[in-house]
Amino acid sequence: MVPPARLRRHSPRASLAPAAVAAAASERQKATPPAPALGPGMQPIPRPPPGTQHWPPADDRLVRTPCPAGRGPRASLPADAGSRKSEPIPAARASGSCLPVQFLNAGDPGAHPDAEHAASGALRQPDRHSRRCVGEAEARGPAQGAWLPGAGPGLLPREVNLINEPLVIFVCATTGQGEPPDNMKSFWRFIFRRNLPSTSLCQMDFAVLGLGDSSYAKFNFVAKKLHRRLLQLGGSALLPVCLGDDQHELGPDATIDPWLHDLWEKVLGPHPLPLDLGLSPPGIPWPSKFTLKFLQEVPSTCSEELCVAGTDPQGPPSELQPFLAPMVTNQRVTGPSHFQDVRLIEFDITGSGVSFVAGDVVLIQPENTASHVQQFCQALGLDPDQHFTLQPREPGVPCPARLPQPCSIQRLVSQYLDIASVPRRSFFELLACLSCHELEREKLLEFSSAQGQEELCEYCTRPRRTVLEVLCDFPHTAGAIPPDYLLDLIPLIRPRAFSIASSLLAHPSRLQILVAVVQYQTRLKEPRRGLCSNWLASLDPGQGPVRVPLWVRSGGLTFPKTPDTPVIMVGPGTGVAPFRAAIQERVAQGETGNVLFFGCRQRDQDFYWEAEWKELQTRGCLTLVTAFSREQQRQVHAS
């Protein structure tokens with residue numbers, strides 16, 4: 001029997017759970033790929049004497065608190081946080097047999113990259129027989145795929161009929177104020193129909209793993225409510241609902257690790273492994289999801305640009321085809337002595353098809369800095385001018401929709417790979433499998449183990465160390481990473497959302513945002529910087545044309561449509577941005593019942609749009625109440 005510890009092979013965080021269970025039914029490649037060689041010019045790092053090892057190695061660029069190797073878990077780590085061993089966990093190999101596990105994932109994969117990593121890994125095995133035990137929801141989730149009888153067609157690799165499923169594992173995130181994810185809403189509405197019989201799921205065993213944040217009042221509300229509803233419909237719970245908490249010092253893993261351990265034991269009880277199930281050798285990574293086929297000749301530049309520059313004439317701009325908006329102005333609106341750089345940025349959206357109302361948000365796709373791109377390519381031994389085409393290993397697996405074909409390494413790293421993000425546990429797991437350097441691999445294995453999560457938090461999470469900095473700390477491993485694994489190892493850059501701070505009625509063909517440039521200090525020497533805000537702040541339309549990819553979506557903030565309905569708005573600091581759009585829109589429509597409570601530190605430093613507010617106040621269109629917290633002995637706040 002496979003030990004329970006082997007449940008967490010390649011999926012360290014919340015959604016790893018189901019994929020790992022499904023992985024027990026997946027076949028691994030019979031031919032083991034050779035271990036990658038060290039990068040050119042790389043020399044082994046001398047191993048220090050026992051008891052003196054520290055990580056990362058000394059580096060004058062950074063000021064660090066060393067993370068000693070070999071330390072055991074501290075008291076704050078649950079004693080039963082999984083029985084995972086320090087060595088990689090082999091995945092099971094199936095020969096036409098599999099566990100009857102159905103895995104349904106609801107949530108934004110970008111928000112939980114480990115969930116996407118787990119799900120895709122469970123499906124990318126050569127043995128097609130194993131696919132019948134896993135339903136990969138990807139972005140659609142159970143919303144359109146996991147139907148009870150009569151609910152409609154499914155869009156999973158095979159239609160999922162919950163009434164006939166013996167074992168289902170749900171992984172679901174809670175968004176906003178206890179709302180289900182977008183890709184779960186259709187399923188959510190259906191499963192709560194009152195006319196569903198109480199015996200609908202009497203043949204199903206299930207487990208629910210929740211992803212949430214305990215700083216919100218309705219912590220993991222979706223997971224809790226789904227668990228209760230499945231019980232009402234006759235399902236049998238293998239375990240109490242697991243409540244993963246992003247606020248925990250060690251992240252969701254602190255709760256999920258012991259839950260996975262118990263789940264694996266429960267699954268192997270009523271659903272034992274088939275006799276013909278074997279194990280792959282330890283330390284061998286899953287096959288990469290894609291292969292990079294490098295081109296001998298450089299393609300024409302225009303063919304690459306056309307993949308993203310156009311706008312769909314049939315509809316407004318979207319994530320797949322954003323509008324490249326010319327930046328008109330990029331102006332600092334805080335005083336020169338103010339601690340924070342806040343920018344008012346204006347875009348020209350003429351001819352874009354973009355339309356918005358007060359309360360909507362604009363999404364912007366940022367880029368990595370040129371210096372970071374160069375440093376990344378040097379660390380991995382990549383030629384930034386090399387072009388490639390991306391090919392999925394499995395039929396039916398789509399390539400990233402925004403990635404042009406062919407594409408250059410320079411473009412891939414600068415616009416798609418989030419090398420400035422803080423890596424998660426799955427990153428270290430896969431990196432350990434790809435490492436061929438004994439000392440570095442040993443440390444990576446410690447970071448990816450359940451017992452090493454305190455050390456990982458101290459090394460990576462607390463100081464907010466980035467993917468790029470981690471790779472520089474493990475130079476031999478970085479130099480040996482096969483290019484095929486880049487998209488498995490590093491998440492794609494996610495768009496950033498900003499409240500729109502203007503109204504089309506006041507500024508036709510213009511879109512304005514208020515951006516606070518994020519920069520803060522940790523124990524690392526180099527300040528931590530927000531990717532999108534710093535990228536936007538660096539753009540100067542005065543030096544030449546600047547275009548920024550963007551699109552608009554509806555926001556959660558709505559305003560009354562009835563004329564003469566007064567509105568009270570509280571927007572301190574940059575939180576006033578959406579209310580400026582609302583006030584402009586309401587004033588243009590002749591509505592004067594606008595009350596704004598605004599607060600900031602100092603009147604002459606961060607009183608955004610002071611002249612505009614006062615002019616509206618003079619006209620009788622606005623009642624303004626202000627508070628400046630640093631201009632008197634006792635702090636006063638508008639809220």
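Any value given below was found using the heavy atoms of this structure, including those in side chains, with hydrogens, waters and symmetry copies removed. In this chain, residues are counted from 1 in sequence order.
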Practice problem: Working to the nearest 0.5 Å, report the span between OG1 of Thr574 and CG of Leu344. | Solution: 12.5 Å
Quiz item: By side chain to side chain donor-acceptor pair (under 3.5 Å), which residues pair with Gln512, not counting sequence neighbours?
Solution: Glu346, Arg580
Exercise. Verify the neighbour count for atom CZ of Phe559: are there more than 12 heavy atoms of other residues, nucleotides or ligands below 6.0 Å?
Key: yes
Quiz item: For the atom pair CG (Asn534) and CG (Leu539), what is the distance rounded to the nearest 0.5 Å?
Solution: 11.0 Å
Quiz item: Can you find a side-chain donor-acceptor pair between Glu440 and Thr477 that sits under 3.5 Å?
Solution: yes
Quiz item: Hey, is CZ on Arg332 packed in by over 12 heavy atoms from elsewhere, all under 6.0 Å?
Solution: yes
Quiz prompt | Residue pair Ile349, Leu504: steps toward the side chain to side chain contact (heavy atoms under 4.5 Å, CB included) verdict | solution = CA-CA 10 Å; Ile349 56 173; Leu504 288 174; 4.0 Å; yes
Practice problem: Identify the two heavy atoms, one from Tyr459 and one from Arg465, that lie closest to each other, and give their separation to 0.1 Å. | Solution: O-NE, 2.8 Å
Quiz item: Distance from Trp613 atom CH2 to Thr618 atom OG1, nearest 0.5 Å?
Solution: 13.5 Å
Quiz prompt | Residue of the set Leu622, Leu616, Ile568 for which side chain to side chain contact (heavy atoms under 4.5 Å, CB included) holds with Asn594 | solution = Leu622
Quiz prompt | Flag, side chain of Ser352 to backbone of Val354, donor-acceptor distance under 3.5 Å | solution = yes
Quiz item: Closest approach of Ile419 and Val373, non-hydrogen atoms and distance?
Solution: CD1-N, 4.4 Å
Self-check item: cation_pi(Arg601, Phe339) dist<6.0 Å, angle<=45
Solution: yes
Self-check item: Sidechain-backbone polar pair: Asn330 side chain, Leu536 backbone, donor-acceptor under 3.5 Å
Solution: yes
Quiz item: With distance as the sole criterion, is a donor-acceptor pair present between the side chains of Asp488 and Ser288 under 3.5 Å?
Solution: no
Quiz prompt | Pair Arg528 + Glu469: basic N to acidic O under 4.0 Å | solution = yes
Quiz item: What do the steps show when you test Arg462 against Thr522 for side chain to side chain contact (heavy atoms under 4.5 Å, CB included), and what is the final call?
Solution: CA-CA 8 Å; Arg462 287 196 186 100; Thr522 66; over 6 Å; no
Practice problem: Kindly indicate whether the side chain of Phe294, heavy atoms from C-beta on, has any atom under 4.5 Å from the side chain of Pro483. | Solution: yes
Self-check item: Considering all heavy atoms, the nearest Pro317-Leu550 contact
Solution: CB-O, 4.0 Å
Self-check item: Parallel, tilted or perpendicular, as decided by the 30° and 60° cut-offs, for the rings of His437 and His476
Solution: parallel
Exercise. Could you tell me which non-hydrogen atom of Gln605 sits nearest to which non-hydrogen atom of Pro336, and how far apart they are?
Key: OE1-N, 4.2 Å
What side-chain donor-acceptor pairs closer than 3.5 Å can you find for residues 358-366, not counting sequence neighbours?
{"unit_1": "Asp360", "atom_1": "OD1", "unit_2": "Gly555", "atom_2": "N", "d": "3.4"}
{"unit_1": "Asp360", "atom_1": "OD2", "unit_2": "Val357", "atom_2": "N", "d": "3.0"}
{"unit_1": "Gln365", "atom_1": "NE2", "unit_2": "Ile493", "atom_2": "O", "d": "2.9"}

Quiz item: Hey, is the main chain of Leu292 close enough, under 3.5 Å, to the side chain of Asp484 for a donor-acceptor pair?
Solution: yes
Quiz item: Can you name the nearest heavy-atom pair linking Arg523 to Pro463, along with the distance?
Solution: NH2-CG, 3.7 Å
Quiz item: Is the backbone N or O of Arg494 less than 3.5 Å from a side-chain atom of Arg496, with the two atoms forming a donor-acceptor pair by type?
Solution: yes
Quiz prompt | Closest heavy-atom pair and its distance - Leu524, Gln521 | solution = O-NE2, 2.7 Å
Exercise. State whether the side chain of Ser533 and the backbone N or O of Val518 hold a donor-acceptor pair below 3.5 Å, judged by distance alone.
Key: yes
Quiz item: Could you state the interatomic distance from CG (Leu487) to CG (Leu417), rounded to the nearest 0.5 Å?
Solution: 6.0 Å
Quiz prompt | Interatomic distance, Gln378 atom CD to Leu471 atom CG [nearest 0.5 angstrom] | solution = 13.5 Å
Quiz item: Is it the case that more than 12 heavy atoms not belonging to Leu295 sit under 6.0 Å from its CG atom?
Solution: yes
Self-check item: Side chain Ser214, main chain Gln247, donor-acceptor under 3.5 Å
Solution: no
Exercise. Evaluate the side chain to side chain contact (heavy atoms under 4.5 Å, CB included) criterion for residues Ile583 and Trp609: first the C-alpha distance (whole Å), next the side-chain angles of each, then the deciding distance (0.1 Å), finally the verdict.
Key: CA-CA 12 Å; Ile583 292 171; Trp609 300 301; over 6 Å; no
Quiz prompt | side chain to side chain contact (heavy atoms under 4.5 Å, CB included) assessment of Phe290 paired with Leu403 | solution = CA-CA 13 Å; Phe290 302 102; Leu403 192 70; over 6 Å; no
Self-check item: Tyr416 (side chain) donor-acceptor with Arg402 (main chain) under 3.5 angstrom
Solution: yes
Practice problem: Check the angle between the aromatic planes of Phe598 and Phe607 and answer parallel, tilted or perpendicular using the 30° and 60° thresholds. | Solution: parallel
Self-check item: Test applied, side chain to side chain contact (heavy atoms under 4.5 Å, CB included); reference residue, Ser503; option that passes from Gln589, Glu585, Arg510
Solution: Glu585
Quiz item: Under a 4.5 Å cut-off applied to non-hydrogen side-chain atoms, are Leu486 and Leu380 in contact?
Solution: yes
Quiz item: Would you say the side chains of Ser502 and Gln584 form a donor-acceptor pair under 3.5 Å?
Solution: no
Quiz item: Out of curiosity, Cys407 SG to Ile409 CD1, how far, rounded to the nearest 0.5 Å?
Solution: 7.5 Å
